[in-house]
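The structure under discussion appears below in the form of structure tokens.
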Amino acid sequence: MKFSILVTCPPQAQGAQSALKFAKASLNAGHELHRIFFYQDAVNLSSTLQIIPRDEHNLNDEWSAFIAEYKLDAVVCIAAAVRRGVLDENEAKRYNTQGYNLSPQFELSGLGQLVDAMIVSDRMITFK
């Protein structure tokens with residue numbers, strides 16, 4: 001079965017961790033992950049500037065490592081990201097900021113990618 005995942009919750013919420021566990025389990029079970037779409041506060045999972053205390057679970061690093069390992073399509077909603085200060089190099093130039101913080105495993109794009117994922121996938125699983 002071909003899945004896509006929509007994550008909307010902040011990194012501190014249980015849903016962000018549950019989404020990662022579901023993604024790993026689905027690949028281990030032989031399913032395909034078409035796309036992971038990060039929306040609303042979940043865009044913060046793609047920021048390299050999230051500082052997690054050493055005694056806490058670093059979900060940002062775990063998502064980045066998982067996406068890199070499986071070469072997954074991880075899309076971050078550009079409007080939600082810019083609003084929350086998550087920028088790639090192009091958006092940093094566009095808004096004339098001094099730097100950018102989007103982890104290289106993620107891509108900024110629009111809601112059209114979410115619609116495409118819904119059309120192409122057998123199931124869209126949402127984690128709030």
Side-chain angles (χ1 to χ4, degrees):
M1 184 169 290
K2 186 183 294 187
F3 289 108
S4 284
I5 297 174
L6 170 63
V7 186
T8 65
C9 52
Q12 303 81 8
Q14 179 61 44
Q17 188 169 3
S18 296
L20 180 58
K21 286 183 179 179
F22 176 84
K24 289 178 178 178
S26 64
L27 289 180
N28 287 337
H31 298 291
E32 179 183 344
L33 271 180
H34 173 67
R35 178 169 294 136
I36 305 165
F37 194 89
F38 297 88
Y39 187 53
Q40 297 175 339
D41 286 337
V43 301
N44 290 314
L45 286 161
S46 66
S47 172
T48 59
L49 295 179
Q50 290 279 321
I51 305 299
I52 309 298
R54 289 180 180 212
D55 62 339
E56 292 183 18
H57 208 61
N58 191 330
L59 208 49
N60 299 61
D61 285 350
E62 287 188 37
W63 268 111
S64 292
F66 175 68
I67 291 165
E69 179 181 351
Y70 291 98
K71 298 179 179 27
L72 297 171
D73 186 18
V75 176
V76 177
C77 175
I78 190 168
V82 169
R83 173 177 279 232
R84 290 164 177 84
V86 179
L87 305 171
D88 65 4
E89 188 173 1
N90 289 335
E91 293 304 307
K93 287 178 185 172
R94 179 178 175 194
Y95 290 102
N96 198 26
T97 63
Q98 295 180 355
Y100 55 93
N101 58 341
L102 183 73
S103 177
Q105 290 77 25
F106 296 84
E107 172 191 1
L108 291 182
S109 192
L111 289 174
Q113 297 295 314
L114 177 60
V115 173
D116 173 74
M118 290 179 195
I119 293 170
V120 171
S121 302
D122 298 315
R123 298 282 187 273
M124 170 67 76
I125 310 296
T126 302
F127 292 88
K128 299 181 184 179

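Side chains are part of it too, since the values below use all heavy atoms of this structure and drop only hydrogens, waters and symmetry mates. Source: prediction; values computed, not measured.
At least one side-chain heavy atom of L114 sits less than 4.5 Å from a side-chain heavy atom of M124. Using a 4.5 Å cut-off on side-chain heavy atoms (C-beta onward), L33 and S4 make no contact. At least one side-chain heavy atom of N44 sits less than 4.5 Å from a side-chain heavy atom of R84. In this structure, the side chains of D73 and E107 come closer than 4.5 Å at one or more pairs of heavy atoms. Side-chain contact between N58 and E56: absent, with no pair of heavy atoms (C-beta onward) separated by less than 4.5 Å. At least one side-chain heavy atom of D116 sits less than 4.5 Å from a side-chain heavy atom of H34. The closest side-chain heavy-atom distance from L27 to F3 is not below 4.5 Å. Residues E62 and H57 form a side-chain contact, since some pair of their non-hydrogen atoms from C-beta on lies under 4.5 Å apart.
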Tell me, with the steps shown, if S46 and V86 meet side-chain contact (heavy atoms from CB on, under 4.5 Å). CA-CA 8 Å; S46 66; V86 179; 3.5 Å; yes
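Hydrophobic clustering (side-chain heavy atoms under 4.5 Å, transitive across Ile, Leu, Val, Met, Phe, Trp, Tyr) keeps L49 apart from L108. Note on M1 and I119: separate hydrophobic clusters, where clusters join Ile, Leu, Val, Met, Phe, Trp and Tyr whose side-chain heavy atoms are under 4.5 Å apart, directly or indirectly. Linking Ile, Leu, Val, Met, Phe, Trp and Tyr whenever their side-chain heavy atoms come within less than 4.5 Å leaves F22 and M118 in two separate clusters. Cluster annotation: V75 and F127 are assigned to distinct hydrophobic clusters (Ile/Leu/Val/Met/Phe/Trp/Tyr, side-chain heavy-atom contacts under 4.5 Å, transitive). Linking Ile, Leu, Val, Met, Phe, Trp and Tyr whenever their side-chain heavy atoms come within less than 4.5 Å leaves L20 and L6 in two separate clusters.
For residues 83-126, the ring pair (Phe, Tyr, Trp, His ring centres under 6.0 Å) pairs, not counting sequence neighbours, are F38-F106.
Between the CG atom of D41 and the CZ atom of R83 there is a distance of 10.5 Å, given to the nearest 0.5 Å. Note that OH of Y70 and CD of E32 are 14.0 Å apart. Values are rounded to the nearest 0.5 Å. Of the inter-residue distances, the one linking N28 atom CG with K21 atom NZ reads 13.5 Å to the nearest 0.5 angstrom. Rounded to the nearest 0.5 angstrom, Q17 CD and Q12 CD are separated by 12.0 Å.
Closest non-hydrogen pair, C9 versus G15, comes out as SG-C, 3.4 Å. For N60 against P11, the heavy-atom pair with the smallest separation is OD1-CB, 4.2 Å. Counting all heavy atoms, side chain and backbone alike, T48 lies closest to L102 at CG2-C, 4.2 Å. Scanning both residues, L111 and C77, for their nearest heavy atoms gives CD2-SG, 4.3 Å. Taking both residues in full, the closest heavy atoms of A19 and I5 are given as O-CD1, 4.2 Å, listed atom of the first, atom of the second, then distance. The two residues A16 and L45 have their closest heavy-atom pair at CB-CD1, 4.0 Å.
In summary, the side chains of N101 and S47 do present a donor paired with an acceptor at a separation below 3.5 Å, with no hydrogens or angles considered. Donor-acceptor pairing under 3.5 Å is recorded for the side chains of Q105 and S103.
Using bins of under 30°, 30° to 60° and over 60° for the plane-to-plane angle, the ring pair F37/Y39 lands in the tilted bin.
Panel note: side chain R35, backbone Q113; a donor-acceptor pair is recorded below 3.5 Å.
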